[in-house]
There are 2 protein chains.
Amino acid sequence: MLCSCNNCHIKTIFYETLISNQLDGFCEARTELVLSKGVTFIRQGDEIKSFKYLKEGLIKLHKVDETGKTQIISFGKPMDFVSIHNIFAEKTYSYSVTTLEKSIICIFDLNIINNLVKTNGEFARKIIQTTTRSANNIISNSLDMLGRSMYGKIARVLLFFQEEIYFTYGFDLPVSRKEIAQYTGLSIETVIRVISEFRKDGLIKVYGKRIEIIDKKGLKAIYEYSK
Amino acid sequence: MLCSCNNCHIKTIFYETLISNQLDGFCEARTELVLSKGVTFIRQGDEIKSFKYLKEGLIKLHKVDETGKTQIISFGKPMDFVSIHNIFAEKTYSYSVTTLEKSIICIFDLNIINNLVKTNGEFARKIIQTTTRSANNIISNSLDMLGRSMYGKIARVLLFFQEEIYFTYGFDLPVSRKEIAQYTGLSIETVIRVISEFRKDGLIKVYGKRIEIIDKKGLKAIYEYSK
DNA sequence: GTAAATATATGACAAATATCATAAAGAATA
DNA sequence: TATTCTTTATGATATTTGTCATATATTTAC
């Protein structure tokens with residue numbers, strides 16, 4: 001069965017808003033794509049033809065600015081809408097999307113979604129709600145970053161992976177120091193140095209990509225007092 | 001007549017998507033509010049009861065974080081939806097809104113808008129489009145700021161007021177140096193110093209709040225090469 | 001498996017930005 | 001008008017962050 005995943009946010013929206021015959025057609029129109037780590041499956045400038053949804057895995061949204069510098073906009077986790085920030089507003093993507101781990105993407109034809117928005121107001125309302133929340137998250141994030149020192153920025157990144165992605169104190173960082181630099185706006189060396197300092201201060205243990213958070217309170221304090 | 005403003009974006013959406021009897025009821029339900037400079041008409045934490053639209057003037061969206069520091073999120077100009085970023089997603093505002101100049105706000109009851117979204121899919125689609133575009137602007141803005149030096153940040157602010165608000169090379173800055181600091185994440189002294197430097201370098205003339213852009217190309221070059 | 005490329009790490013130094021102090025000008029208030 | 005408060009301004013100095021150089025470890029390509 002195609003629409004059988006547990007905890008599927010979009011399925012929940014469908015069940016809450018669609019009448020059952022709409023739901024059936026919808027599930028049949030779904031495509032599932034299994035992608036390995038490091039695959040760029042949406043490219044900045046590509047025409048938007050489908051609505052994508054992250055079922056499993058981890059992704060990054062990133063873009064290249066006029067000067068050629070790469071910036072990471074945000075990280076996406078399961079149940080996130082991948083393509084929301086442009087899909088309803090523009091014809092092409094203004095950013096790229098790349099998997100950071102093996103991921104499963106659900107793909108719906110854009111016309112079907114658009115049609116549902118047009119013909120089902122309750123569905124539309126839910127979509128507005130979800131896209132707005134997601135955009136709000138990105139906005140709070142960048143505003144937050146803008147006001148913090150390098151220590152606060154790095155602490156936030158580590159806490160993000162611990163609290164929102166892996167839930168355990170030990171985990172393998174899915175991003176390189178360079179990618180953390182692209183996300184925080186810091187230089188690579190600064191990122192490496194701050195991680196080293198955290199290690200020397202006994203806040204974390206580091207074995208290459210492997211991070212173990214030893215003193216979470218301390219890390220959180222650094223984050224909070226870093227304004 | 002209540003719905004008689006030219007260039008009203010929301011009226012355009014209505015005309016394009018509503019049938020005429022819906023439109024009539026809508027215009028009658030509208031309230032217009034004239035506010036002088038410096039009035040905070042939406043407060044962080046307030047319950048969201050209406051949909052607000054900036055007809056004339058200039059506003060700032062701002063918030064206070066946990067540490068008590070004020071941040072300016074964005075500036076709003078005529079035809080901007082004031083309340084979009086929370087209205088469909090949350091029950092209360094996560095930011096405040098204050099006039100920077102005498103402004104006129106159009107107010108619609110939230111229930112009416114919500115009803116239209118539910119019953120008119122084309123209207124819903126337009127609302128999604130507008131809110132998404134606005135959120136995208138804020139996101140590009142903060143990402144852009146994150147990657148620039150103090151010179152680039154200040155140049156951007158000055159160019160913003162010239163290109164998007166006043167259109168003339170000479171204008172009165174509607175914000176204090178302190179507010180520019182809250183917007184850019186720089187310290188007040190740095191903002192003042194950079195403006196002074198721009199003046200000493202002949203890029204602008206400064207008479208208190210009055211700014212005259214002398215060398216726009218130069219300012220733009222500083223902005224662009226400031227990554 | 002070896003070579004090349006990339007990622008991590010650290011030191012030394014330079015540049016960018018913040019902080020503290022002080023002062024003058026303007027705006028708000030009594 | 002005098003007084004207080006806020007804003008703008010600038011210097012001196014400290015702190016933060018970036019750049020360049022170099023080294024080792026790790027990954028990728030052949």
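All heavy atoms count here, side chains included; hydrogens, waters and symmetry mates do not. Every chain is numbered from 1 and lettered A, B, ... according to where its sequence line falls, protein lines coming before strand lines.
- For A:Ile104, the side-chain contact (heavy atoms from CB on, under 4.5 Å) partners two or more places apart in sequence, or in a different chain, are A:Glu32, A:Val34, A:Lys55, A:Glu56.
- Here B:Phe160 pairs with B:Phe75 under the ring-ring contact (aromatic ring centres under 6.0 Å, His included) rule; sequence neighbours left out.
- For B:Ser149, the side-chain contact (heavy atoms from CB on, under 4.5 Å) partners at least two apart in sequence or on another chain are B:Tyr151, B:Ser226.
- Scored by the salt bridge (charged side-chain N to carboxylate O under 4.0 Å, His left out) test, B:Glu164 finds B:Lys77 as partners (sequence neighbours excluded).
- Taking atom OH on B:Tyr207 and atom P on C:dG26, their separation rounds to 14 Å, with Å as the unit.
- Between A:Arg177 and C:dA7 there is no side-chain N or O to OP1 or OP2 distance below 4.0 Å.
- Within 6.0 Å of NZ on B:Lys37 lie no more than 12 heavy atoms contributed by other residues, nucleotides or ligands.
- Spacing between atom CD1 of B:Ile188 and atom P of C:dT19 amounts to 10 Å, rounded to whole angstrom units.
- Atom CD1 of A:Ile127 and atom CD1 of B:Ile128 lie 6.5 Å apart (nearest 0.5 Å).
- Here the closest non-hydrogen pair linking B:Ile138 and B:Ser74 is CD1-OG, 3.8 Å.
- Panel note: side chain B:Gln71, backbone A:Leu143; a donor-acceptor pair is recorded below 3.5 Å.
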Output one line per pair: protein atom, nucleotide atom from nucleotides 4-6 of chain C, and distance, for all N/O pairs under 3.5 Å.
none

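- A:Tyr223 and A:Asp144 form a side-chain donor-acceptor contact under 3.5 Å, judged by distance and modelled atom types alone.
- Applying the salt bridge (Lys or Arg N to Asp or Glu O under 4.0 Å) test to every pair with at least one member in residues 178-200 of chain B, sequence neighbours left out, gives these pairs: B:Lys60-B:Glu179.
- In the helix from C:dG1-D:dC30 to C:dA30-D:dT1, the rotation axis of the first five pairs and that of the last five pairs differ in direction by 60°, rounded to 10 degrees.
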**Q.** Contact pattern, 5' to 3', of nucleotides 10-17 of chain C - B, S or - by protein heavy atom under 4.0 Å
**A.** BBB----S

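- Pairs engaging residues 38-47 of chain B under the salt bridge (Lys or Arg N to Asp or Glu O under 4.0 Å) rule: none recorded [sequence neighbours left out].
- Pairs engaging residues 91-104 of chain B under the salt bridge (Lys or Arg N to Asp or Glu O under 4.0 Å) rule: none recorded [sequence neighbours left out].
- If you walk DNA chain D from 5' to 3' and mark each nucleotide with an atom closer than 4.0 Å to a heavy atom of chain A, the marks span D:dT17 to D:dC20.
- The salt bridge (charged side-chain N to carboxylate O under 4.0 Å, His left out) test applied to A:Asp201 returns no partner, not counting sequence neighbours.
- Nucleotide C:dG26 holds its P atom 16 Å from the CZ atom of B:Arg210, rounded to whole Å.
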